[in-house]
Amino acid sequence: MDDIKIKSIRNHQNVNLAEENSPPEKPYKPKRLKKLFRFIFLTLFIFIIGGIAGIFAERIFLPYLATIPFFNKYEFVKKAVEQTVIINKVEEINISEDLALVEAIKKIKPALVKIDIFYLTQSTKGKIKTKKLEPRLAESTTGSILTSDGLIITRPSFYSAEEILGKNPLKGISYRITLPDGREFQISDENVIKYSFQVSTHDPKSKLIILKIKATNLPVVSLADSDLLELGQRVGIVGKKITTGIISDFETGTYRDTSIPKEMSKSQNWNLININTPLDENFSGAPVINLKGEIIGINAIEKKGKEFKSLVIPINDIKSFIDWEIKKQQ
């Protein structure tokens, strides 16, 4: 009996010692979860490395290969390089055009004037007419200073006198010119030089006028060569408001003067520039400029009821009128 007890105690002691000497059990982790984490990590790693490799290939490796004649003949190298260059070019062109247009507007604005056109009517008191003439504002246009001594060109729309005056008789027209520095000049219609080379009164140039004020050292505009214009070219229109557009079309018109017999009249051709931006009375007489700040044409607004039609007269079509008046002043 004593032997049995001793053996059981020894056996029990041996078991305890074995448990104490055995390594601790690791916490259980499912094998599937490990595999999922490993897959996600590898996928992200591949995407990151692939993205870096793609950027490297597009920006550095392929452009470098394109410089080597042997690789330049392969289409995939050409396309990759051309695609990158086109994007950069478009961005650069847009930025440079915006900056150039801002500078062009700054350049021309000091040489522009505001012109208020008044119809003069005889005032009445009751049914009795007086000798006093009353000015009635017809419209406001923008004028461009051509010479430092005060020659100014504009193109009014000349709304009908009846629309402005009603039944009051027209006694004349006067012009009030306001310079950017605030100085004002008053001119009567007798001192205005009107375009005199037209065959037809339908010609948009027929309403061009040049005014002369007594001033010196005025800033002047520059005139471009409108024969060099191209479709899609960006332009600015600087009137009482400022806007931009692109040249959308060139148009040629042919008209005859219906006020004289057909056998005596001659057809008149002219060119017009169409811009994709709708314009209203705020742009009457406004110069249309290129990105250098040069005038490529003068805006002509025609009012029909409540609607406005916009035309742009190319500056080359009116240079002879300008040159003739400048030589006359010399």
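Please read all numbers here as calculations on a predicted model, not as lab measurements. Counting from 1, the numbers follow the sequence of the chain as shown.
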For this session: Begin with the C-alpha distance, continue with both residues' side-chain angles, and end with the deciding distance and a verdict on side chain to side chain donor-acceptor pair (under 3.5 Å) for Ser310 and Asn299.
Result: CA-CA 7 Å; Ser310 173; Asn299 193 43; 3.0 Å; yes
For this session: Assess the side chains of Thr141 and Thr154: does a donor N or O sit below 3.5 Å from an acceptor N or O?
Result: yes
Problem set entry | Interatomic spacing from CZ in Arg136 to OH in Tyr119 - rounded to 0.5 Å | 11.5 Å
Exercise. What's the spacing between Ile315 CD1 and Asp227 CG if we round to 0.5 Å?
Worked result: 12.0 Å
Exercise. Considering the options Glu139, Lys309, Glu281, which one meets the side chain to side chain donor-acceptor pair (under 3.5 Å) requirement together with Ser157?
Worked result: Glu139
Exercise. Between Phe118 and Phe185, is there a shared hydrophobic cluster once you connect ILVMFWY residues whose side-chain heavy atoms come closer than 4.5 Å?
Worked result: no
For this session: Using atom types as modelled and distance alone, determine if a side-chain donor or acceptor of Thr147 lies under 3.5 Å from a backbone N or O of Leu151.
Result: yes
For this session: Decide, yes or no, whether a salt bridge links Asp189 with Lys194 under the criterion of side-chain N to carboxylate O below 4.0 Å.
Result: yes
For this session: Among Asp225, Leu223, Ile247, find the residue that satisfies the side-chain contact (heavy atoms from CB on, under 4.5 Å) test when tested with Ile296.
Result: Ile247
For this session: Test Thr216 against Asp149 for side chain to side chain donor-acceptor pair (under 3.5 Å), laying out the working first.
Result: CA-CA 5 Å; Thr216 57; Asp149 61 348; over 6 Å; no
For this session: Please say which of Ile145, Val221, Val220 ends up in a side-chain contact (heavy atoms from CB on, under 4.5 Å) with Ile108.
Result: Val221
Exercise. Which distance, rounded to the nearest 0.5 Å, do you find between the CD1 of Ile322 and the CD1 of Ile153?
Worked result: 4.0 Å
Problem set entry | Min side-chain heavy-atom separation Val288-Ile298 under 4.5 Å | no
For this session: Using a strict cut-off of less than 4.0 Å between a Lys/Arg side-chain nitrogen and an Asp/Glu carboxylate oxygen, indicate whether Lys207 and Glu302 qualify as a salt bridge.
Result: yes
For this session: Indicate if Leu120 and Leu137 have the same hydrophobic cluster label, given that clusters are the connected sets of ILVMFWY residues with side-chain heavy-atom separations under 4.5 angstrom.
Result: no
Exercise. CG/Leu231 to CD1/Ile246 distance, rounded to the nearest 0.5 angstrom?
Worked result: 9.0 Å
Exercise. How long is the gap from OH on Tyr175 to CD1 on Ile115, to the nearest 0.5 Å?
Worked result: 9.0 Å
For this session: Verify whether one side chain among Asp116 and Ser140 offers a donor that lies under 3.5 Å from an acceptor in the other.
Result: yes
